[in-house]
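Here is the structure we will look at.
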Protein chains: 2
Amino acid sequence: MGDIDTVVARIQQGNGRPAEGVCPIRDVLDQLGDKWSMLLIFLLAAGAQRFGELRRKLPDISQRMLTQTLRDLTRNGLVTRTVHPTRPPSVEYALTPQGFTLLDALGPLLRWAEDHHDYVRSSRRRFDAEA
Amino acid sequence: MGDIDTVVARIQQGNGRPAEGVCPIRDVLDQLGDKWSMLLIFLLAAGAQRFGELRRKLPDISQRMLTQTLRDLTRNGLVTRTVHPTRPPSVEYALTPQGFTLLDALGPLLRWAEDHHDYVRSSRRRFDAEA
DNA sequence: CTGTATCCCATATGATACTG
DNA sequence: CAGTATCATATGGGATACAG
């Protein structure tokens, strides 16, 4: 755990994997690596929210992708989906306890991104300037 | 920083962004979210390595994607590329200091993935069983 | 050995219209 | 309001052949 050789071994083990892999890293990354999953997790960190609220807070997501991403997060046990039997229906989404632990695990990455954003951008400029 | 409201604000700020965004989260995720970046960072954590070595350790990456991913990582200042003027040429890749700090920031996520892999897989099974 | 160019396909995402 | 269906498109990524 945390041991790099172990990680590498697992990564290689995951090569040529079938549908849903053996390698936990790839498995988790496949869910988180898409365009919206992480952003939704961050949004949901503030508490349970309805479909429409999320949509408004993320103006450039399509209805289709919001539905789909929320379904995947639910399927993976990171988010709960609660239908309130009103007319018209309202549906609330919230992080599960495991969703919250994932959020914690994402904290350092978040901080890294903010702390190094300038560095990354200037690296790009320098790189593009050469060539 | 680390404050969720701030994060959300930044995410929204990034909406409808131009080429290379204002939002550090999206900016970093775009680089890390592809199929190979994180895996290469983990591999390079073990030390500088040549193109061919990396290729052998990641049997299912195409030459094209290896080149491309390494170039992007280099462009973002996470990896250095050193050409040794031998015949034939040999090229070594290594993490930069910033690459190593990113690696550290990724540690918790790695651990989460391992710790919760079983949970995620059983969640999926349960979800798929219903419907 | 390392890297580029080309061609091709699968998939992810978006736009729009429709339904309970 | 929340979700589905359909169509269209962009992009990611693989295979292969070639080049310095």
Side-chain angles (χ1 to χ4, degrees), chain A residues 14-21 26 29-40 43-44 48-75 79-94 127 130-131, chain B residues 14-21 26 29-40 43-44 48-75 79-94 127 130-131:
Chain A
N15 287 341
R17 84 224 122 127
E20 259 155 11
R26 292 195 178 195
L29 260 51
D30 281 353
Q31 162 78 65
L32 264 39
D34 66 31
K35 195 170 178 181
W36 305 108
S37 290
M38 279 204 196
L39 302 179
L40 281 173
L43 286 175
L44 287 171
Q49 289 169 75
R50 296 183 49 181
F51 188 89
E53 298 182 76
L54 293 170
R55 200 180 181 190
R56 256 171 281 119
K57 292 186 181 172
L58 218 48
D60 62 346
I61 195 174
S62 65
Q63 192 178 28
R64 183 172 172 277
M65 287 316 296
L66 183 53
T67 302
Q68 181 175 309
T69 306
L70 287 169
R71 179 157 14 87
D72 286 344
L73 289 170
T74 303
R75 176 169 180 264
V79 162
T80 57
R81 176 178 184 275
T82 314
V83 183
H84 295 99
T86 56
R87 231 351 272 240
S90 82
V91 183
E92 273 207 339
Y93 293 90
F127 186 97
E130 299 167 7
Chain B
N15 288 341
R17 83 226 122 130
E20 260 155 10
R26 291 194 178 194
L29 261 51
D30 281 352
Q31 162 77 66
L32 264 40
D34 65 30
K35 193 169 176 181
W36 304 109
S37 290
M38 279 205 195
L39 303 178
L40 281 174
L43 286 174
L44 287 171
Q49 289 169 73
R50 296 184 48 184
F51 188 88
E53 300 182 76
L54 292 170
R55 203 182 179 190
R56 256 170 282 119
K57 292 186 181 173
L58 219 48
D60 62 346
I61 194 175
S62 66
Q63 192 178 29
R64 181 173 172 276
M65 287 316 295
L66 182 53
T67 302
Q68 181 176 307
T69 306
L70 286 169
R71 179 159 13 86
D72 286 344
L73 289 170
T74 304
R75 177 168 181 265
V79 161
T80 58
R81 177 178 183 275
T82 315
V83 182
H84 294 101
T86 56
R87 239 341 280 244
S90 81
V91 184
E92 274 207 337
Y93 293 90
F127 186 96
E130 300 165 8

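One distance of note links CE of M38(B) with CG of L32(B); it measures 4.0 Å at 0.5 Å rounding. With rounding to the nearest 0.5 angstrom, the CG atom of L44(A) is 7.0 Å from the CG atom of L70(A). Rounding to the nearest 0.5 angstrom, the gap separating the CE atom in M65(B) from the CZ atom in R71(B) is 10.0 Å. The structure places CG of L39(B) at 13.5 Å from NZ of K57(B), a figure rounded to the nearest 0.5 Å. Taking CD from E130(B) and CZ from R75(A), the interatomic distance works out to 11.5 Å, rounded to the nearest 0.5 Å. To the nearest 0.5 angstrom, K35(A) atom NZ is 8.0 Å from D30(B) atom CG.
In this structure, R50(B) reaches the sugar-phosphate backbone alone: every heavy-atom distance under 4.0 Å involves primed, P, OP1 or OP2 atoms, never a base.
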Taking only nitrogen or oxygen atoms into account, show me every contact under 3.5 Å that the protein makes with nucleotides 13-15 of chain C, one pair per line with its distance.
from, atom 1, to, atom 2, distance (Å)
dT13(C), OP1, K35(A), N, 3.0
dG14(C), OP1, K35(A), NZ, 3.0
dG14(C), OP2, W36(A), NE1, 3.3
dG14(C), N7, R64(A), NH1, 3.2
dG14(C), O6, R64(A), NE, 3.3

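In terms of position along DNA chain C, the nucleotide closest to P88(B) lies nearer the 5' end than the nucleotide closest to the other residue of the pair P89(A) and P88(B). Each of Q63(B) and Y93(A) was matched to the nucleotide of DNA chain D holding its nearest heavy atom; the match closer to the 5' end belongs to Y93(A).
Separating the CG atom of L70(B) from the C1' atom of dG3(C) is a distance of 11 Å, rounded to the nearest angstrom.
For the OP1/OP2 pair of dT2(C) and a distance below 4.0 Å, the side-chain nitrogens and oxygens of R55(B) include no atom meeting the criterion.
Qualifying side chain to side chain donor-acceptor pair (under 3.5 Å) partners for Q31(A), counting only residues two or more places apart in sequence or in other chains: S37(A), N76(A). For R81(A), the side-chain contact (heavy atoms from CB on, under 4.5 Å) criterion is met by T74(A), V83(A), V91(A), Y93(A), not counting sequence neighbours.
Helix bend of the helix from dC1(C)-dG20(D) to dG20(C)-dC1(D): the angle between its two end axes, each built from five pairs, comes to 40° after rounding to 10°.
Checking L66(A), L54(A), D60(A) one by one against W36(A), the side-chain contact (heavy atoms from CB on, under 4.5 Å) holds for a single residue, D60(A).
Counting only heavy atoms from C-beta outward, the side chains of T69(B) and L73(B) approach each other to under 4.5 Å.
The outermost nucleotides of DNA chain D lying under 4.0 Å from heavy atoms of chain B, listed 5' to 3', are dG13(D) to dG20(D).
Nearest heavy atoms, P89(A) versus R50(A): O-NH2, 4.1 Å.
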